[in-house]
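Notes follow once the structure below has been shown.
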Amino acid sequence: MKLQFYNSVTSKKEEFKSLSDKEVLVYGCGPTVYNSPHIGNFRTFVFYDLLNRVLLQNGYVVKNVINITDIDDKIIDRVNNEGVGFKELTQKYERIFLDQSSTINILPSTFNPRASEHISEMIDFIKALMAKGVAYNIDGNIFFDTKEYSKYGKFVNIDDDNLSREDNELGKKHPNDFALWKAWKDSDGEITWESDWGNGRPAWHTECAVLGTQLLGDSIDIHCGGIDLKFPHHENESAQVEALLGNKFANYWLHSEHLIFDSEKMSKSLGNTLSISDLLTKYSAETLRLFLLSSHYRSKVSFSEKKLDDSSKMIDKINRFVNNVDLATIDINGVDYSRFHLDFLDALNDDLNTPEALGVFFDFINTVNKNINNDSMTDDLRIQSKIFINLFNSIFCVINTSSSDKMFIPKDIQNLASLREEMRSKFEWNEADKLRQMIDNLGWLIEDTKDGQKLIQKK
RNA sequence: GGCGUCGUACCCAAGUGGUCUAAGGGAUCGGUUUGCAAAACCGCUAUUCGUCGGUUCGAAUCCGACCGACGCCUCCA
């Protein structure tokens with residue numbers, strides 16, 4: 001199946017055609033770095049990573065940006081009210097974001113630009129918009145004039161009569177007009193930059209518009225973000241770029257749905273968040289990642305620990321399978337892709353259908369387990385398995401391959417296990433079972449296989 | 001108020017006009033296996049897809065109404 005995505009602009013699945021043959025340009029809105037990202041934020045970031053990996057799987061070279069929003073009201077609040085330094089605060093949370101991204105197996109982006117390091121380009125961009133007559137200055141605030149841009153409203157049906165907007169204190173001409181530059185106020189403190197219109201700072205929509213065009217170009221292939229950014233953020237971002245440059249900014253707009261917590265969207269504003277670091281004390285990064293990938297990116301998902309437990313069990317099942325097929329000695333040359341491989345790739349190419357793809361992988365596990373179970377495992381099937389496991393893991397990244405620490409079995413556990421083995425050989429079942437219970441209490445499971453007992457650390 | 005998304009088994013979750021008496025995972029129960037377990041395998045668990053109508057030879061899938069959940073219109077992944 002050809003690669004296709006659901007495009008938020010047309011509300012349809014569309015076949016993906018890249019601007020250039022080889023390279024694909026992708027922009028994803030990144031975190032605002034005033035505190036730690038939560039699992040809901042990471043749903044979107046893992047979605048970016050999924051998109052990235054599926055593009056790579058399709059043979060594209062991906063050039064992508066995930067920006068760091070380090071100029072924002074909440075950052076300014078924290079800096080001015082808590083006596084922390086601007087850089088100190090933003091770089092601390094930027095670091096946490098990048099570290100956690102890596103923990104959860106997100107591939108690094110080509111660029112992670114900070115808004116604060118591209119101010120002069122933003123000023124030039126705004127100047128150009130003013131010169132074009134689509135932006136105006138009211139007391140040092142620069143606004144985009146939505147009435148001067150005929151295509152405003154690509155993502156929503158705009159009905160001016162039904163806007164329930166805030167009071168227009170700043171004097172915008174039209175309700176939908178939005179800020180490109182915000183004039184300095186007392187509460188901004190030291191956080192300010194000089195411009196032709198006096199001191200102030202760029203507004204969020206402009207930050208992304210400029211970072212995207214500066215680093216990737218005037219036209220990009222894919223722009224993505226969480227669904228809450230569709231309007232007004234992405235509307236405003238693309239309005240600026242398209243009004244200025246006269247071309248389509250992004251060909252495909254992809255939006256991921258929210259993670260719901262206690263029947264509300266999980267968000268920093270609502271305060272109902274769960275941080276990655278908290279969840280990692282109880283669940284592995286692989287479990288969190290599989291949880292996020294086990295429903296489709298465009299459907300709402302309610303968070304629950306039950307789901308994480310289910311994901312954890314899936315991971316166990318996958319890992320047992322990987323261990324059981326005994327791949328070490330297999331040479332993977334010259335085998336055709338099986339039906340499973342093709343179905344798996346088709347599912348991913350069909351708008352990143354990870355639940356479907358996961359189903360195909362489990363079907364495959366079942367097929368191979370059947371063969372193992374009745375001793376009809378062939379080299380051919382072993383090779384198929386190795387290829388498919390590699391393929392699966394290149395997208396899902398939930399098989400713990402660097403498990404040297406997992407393979408390590410403490411001496412005391414080993415001793416108890418060999419003692420149990422000895423008791424079993426002497427048919428001392430009661431003693432053997434007692435030892436198994438002891439080992440269990442210490443956090444290890446025993447599986448008796450044809451090749452002797454196997455120790456597995458409990459999660 | 002306006003705009004939009006969604007409602008599939010005990011739980012989660014694909015499928016969006018015929019191959020659907022609906023994939024896959026978890027859970028339960030029964031079986032094979034095992035010294036007993038565990039794991040693996042087999043079987044059972046939705047003739048039904050929020051409700052009620054309509055279109056169609058045919059609908060979970062299209063249309064309408066209603067009920068329910070959530071999101072956006074203000075910062076937000």
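Letters go in sequence order (proteins before strands), and every chain restarts at 1. Here the structure is a predicted model, which means the values were calculated and not measured.
Ring geometry, A/Phe361 versus A/Phe392: the interplanar angle falls under 30°, so the pair is classed parallel (tilted spans 30 to 60°). Between A/His255 and A/Trp253, the two ring planes are parallel [angle under 30°; tilted spans 30° to 60°].
The partner of B/rA40 is B/rU32, by the rule that a Watson-Crick or G-U pair needs both atom distances under 3.5 Å.
By the 5.5 Å and 30° criteria, A/Phe362 is not stacked with the base of B/rG24.
Nucleotides B/rA23 and B/rU45, compared at atom P, are 11 Å apart to the nearest Å.
When the side-chain nitrogen and oxygen atoms of A/Asn366 are compared with OP1 and OP2 of B/rC42, one or more of them lie within a distance under 4.0 Å. Applying the 4.0 Å criterion to OP1 and OP2 of B/rA27, one finds that A/Lys313 has a side-chain N or O inside that range. Put simply, A/Asn373 has no side-chain N or O that comes within less than 4.0 Å of OP1 or OP2 on B/rC41.
Within 4.0 Å (heavy atoms only), A/Ser304 reaches no atom of the nucleic acid at all.
Between the base of B/rC75 and the side chain of A/Lys74 there is a donor-acceptor pair shorter than 3.5 Å.
Atom-to-atom, CG of A/Leu270 to C1' of B/rC72 comes out at 13 Å; the value is rounded to the nearest Å. With rounding to whole Å, A/Lys317 atom NZ is found 15 Å from B/rA38 atom P.
From A/Gln57, atom CD reaches atom CG of A/Asn52 across 12.0 Å, with rounding to the nearest 0.5 Å.
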